[in-house]
2 protein chains.
Amino acid sequence: MKVLTKKTDYAIRALLMLGSKRGVYLSAKAISTEQDIPYQFLRGLLQEMIRHDLIISKEGAQGGFMLKKDPDEIPIAQLIEIFQGKVQVSECMFRKQLCANRARCVLRHEIMRIEQVVNSEFDKVTIGKLIRDLDAANGMTHGSGETA
Amino acid sequence: MKVLTKKTDYAIRALLMLGSKRGVYLSAKAISTEQDIPYQFLRGLLQEMIRHDLIISKEGAQGGFMLKKDPDEIPIAQLIEIFQGKVQVSECMFRKQLCANRARCVLRHEIMRIEQVVNSEFDKVTIGKLIRDLDAANGMTHGSGETA
DNA sequence: TTAATTGATATCAATATAGTATCAGTTCAA
DNA sequence: TTGAACTGATACTATATTGATATCAATTAA
Ligand code: FES
Ligand code: FES
């Protein structure tokens, strides 16, 4: 069971790069090369993120992409929703004979509770948080540098 | 993002039926009909569950399937693992430049923490618990009967 | 003996995921 | 003012996963 698909995975990495270099345009090529993401595939993801107002772009030479939203306001739950659709545990698992009344179905509640827990966990982790974690981890490794 | 696939969904429903009728063999046909599960597809799932020691079978006329384990000891986490594979968030999301040291990678920890939360939630819900919830729900609807 | 069953497998269809290709339009800079 | 470096838009292909079907041998109860 794969929780994050390549799309989400790549999108997160692209956003991490954009989030680390605020105020400048990064090209799809640069991100693709640096993160080992298939170029055209990445292009599609970036366009999708523009549509969702996460980033902006600038055409032409020296163009590229830049974060639009505050990284702290981009939970990976949103990226999962964009690239993998809303988290849904099951349409309606227990039909007919097994479950007489949908309205007050306890099972359904159980399942939806889990759904919410999962969502809330993914909501807690934002691009901003990941960037800070990343900086901290790299800081520990080699002083205050961030080259490698 | 679909959390439960048809396989898991069907398997849970089959187990709920088996768990509601302890001590007798239920045929694949009966389960298939009652739960609207494609017959041969279900057969495959049942065989898989035999291999995992969740149920036993009896061949021949009047044969069928019966629970082997206590329903309270069948968490749906196990069914997810059997039919959808272990929950894995991502192989290694942040490679190369972004993440210098795998060993103490904070991001990795973050991701794995979510993984554990998800798993533990699915671990809490057992077939036994679902059956009790179900009975309670049906009980509310139409007295103490359990026909419909 | 035969109908009702499971065991074991092979195959197919549908869908989702991952990745590629192409061309038009925009912008910077030589 | 031209061309290289870019994005916008979209069509296409390949691969993997999921969902479903088909077949036939072996077993068992009536
Ligand atoms: S789970 Fe669908 S009505 Fe109860
Ligand atoms: S996430 Fe892979 S090493 Fe940090």
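Letters A, B, ... mirror the listed sequences (proteins, then strands); counts begin at 1.
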Enquirer: With heavy atoms under 4.0 Å as the rule, sort A:Lys7 into base, sugar-phosphate or nothing.
Expert: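 The answer is sugar-phosphate, as A:Lys7 gets under 4.0 Å only of primed atoms, P, OP1 or OP2.
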Enquirer: With a 4.0 Å cutoff (strictly under), does any side-chain N or O of B:Lys6 reach OP1 or OP2 of C:dA14?
Expert: no
Enquirer: What would the secondary structure line of DNA chain D be in dot-bracket form, counting Watson-Crick and G-U wobble pairs under 3.5 Å, with [ ] for pairs that cross earlier ones and | for pairs with another strand?
Expert: ||||||||||||||||||||||||||||||
Enquirer: Whole Å only: how far is the CE atom of B:Met66 from the P atom of C:dT5?
Expert: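 Between P of C:dT5 and CE of B:Met66: 14 Å.
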Enquirer: Run the numbers on B:Ile12 and B:Leu4 for side-chain contact (heavy atoms from CB on, under 4.5 Å), then give the verdict.
Expert: CA-CA 10 Å; B:Ile12 292 175; B:Leu4 300 184; 4.3 Å; yes
Enquirer: At under 4.0 Å between heavy atoms, what does B:Gly64 touch on the DNA or RNA strands: base, sugar-phosphate, or nothing?
Expert: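 Result for B:Gly64 = sugar-phosphate.
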Enquirer: Under 4.0 Å, heavy atoms only, any strand: does A:Ile50 hit a base, just the sugar-phosphate, or nothing?
Expert: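 The residue A:Ile50 makes sugar-phosphate contact but no base contact.
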Enquirer: Nearest whole Å is fine: how far is C:dG19 P from A:Asp36 CG?
Expert: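 The distance from CG of A:Asp36 to P of C:dG19 comes to 11 Å, rounded to the nearest Å.
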Enquirer: Please tabulate, for side-chain N and O atoms in residues 67-77 of chain A, each donor-acceptor pair with protein atoms closer than 3.5 Å (sequence neighbours left out).
Expert:
| residue | atom | partner | partner atom | Å |
| --- | --- | --- | --- | --- |
| A:Lys68 | NZ | A:Asp53 | OD1 | 2.8 |
| A:Lys69 | NZ | A:Glu73 | O | 3.4 |
| A:Asp70 | OD1 | A:Asp72 | N | 2.7 |
| A:Asp72 | OD1 | A:Arg132 | NH1 | 3.1 |
| A:Asp72 | OD1 | A:Arg132 | NH2 | 3.0 |
| A:Asp72 | OD2 | A:Arg132 | NH1 | 3.4 |

Enquirer: Can you measure A:Tyr25 atom OH to C:dT26 atom C1' for me and round it to whole angstrom units?
Expert: 13 Å
Enquirer: Does a side-chain N or O of B:Thr5 approach OP1 or OP2 of D:dT17 to a distance below 4.0 Å, or not?
Expert: no
Enquirer: Should B:Met49 and B:Leu15 be marked as a side-chain contact (heavy atoms from CB on, under 4.5 Å) after you check the CA-CA gap, both sets of side-chain angles, and the distance that decides it?
Expert: CA-CA 10 Å; B:Met49 289 195 277; B:Leu15 290 176; 3.8 Å; yes
Enquirer: Measure the shortest side-chain to side-chain distance between B:Glu121 and A:Arg113 over non-hydrogen atoms and say whether it is less than 4.5 angstrom.
Expert: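 A side-chain contact under 4.5 Å exists here.
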Enquirer: Using the ring-ring contact (aromatic ring centres under 6.0 Å, His included) criterion, which residues pair with A:Phe41? Sequence neighbours excluded.
Expert: A:Tyr10
Enquirer: Checking A:Tyr39 now: which residues fulfil side-chain contact (heavy atoms from CB on, under 4.5 Å) with it, not counting sequence neighbours?
Expert: A:Ala28, A:Lys29, A:Ser32, A:Arg43
Enquirer: Quick one: is A:Ser57 getting a side-chain N or O under 4.0 Å of the D:dG8 phosphate, OP1 or OP2?
Expert: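 The answer is yes; a side-chain N or O of A:Ser57 sits under 4.0 Å from OP1 or OP2.
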Enquirer: Indicate the atoms forming the closest heavy-atom contact of B:Phe65 with B:Leu18, along with that distance.
Expert: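 In terms of heavy atoms, the two residues are closest at O-CD2, 3.4 Å.
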Enquirer: Can you tell me which nucleotide in C:dT17, D:dT7, C:dT6 comes closest to the side chain of B:Ala28?
Expert: C:dT6
Enquirer: Quick one: what's the B/S/- string for nucleotides 21-30 of chain D, heavy-atom cutoff under 4.0 Å, read 5' to 3'?
Expert: BBB--BBBS-
Enquirer: For residues 78-85 of chain B, tabulate all N or O donor-acceptor pairs below 3.5 Å that involve a side-chain atom, not counting sequence neighbours.
Expert:
| residue | atom | partner | partner atom | Å |
| --- | --- | --- | --- | --- |
| B:Glu81 | OE2 | B:Lys86 | NZ | 3.1 |
| B:Gln84 | OE1 | B:Thr5 | N | 3.1 |
| B:Gln84 | OE1 | B:Thr8 | OG1 | 2.4 |
| B:Gln84 | NE2 | B:Val3 | O | 2.8 |

Enquirer: Compare side-chain N and O positions of A:Tyr10 against OP1 and OP2 of C:dG19 and report whether any pair is under 4.0 Å apart.
Expert: yes
Enquirer: Provide the closest heavy-atom pair for A:Ile127 versus A:Leu16 in the form atom of the first, atom of the second, distance.
Expert: O-CD2, 3.8 Å
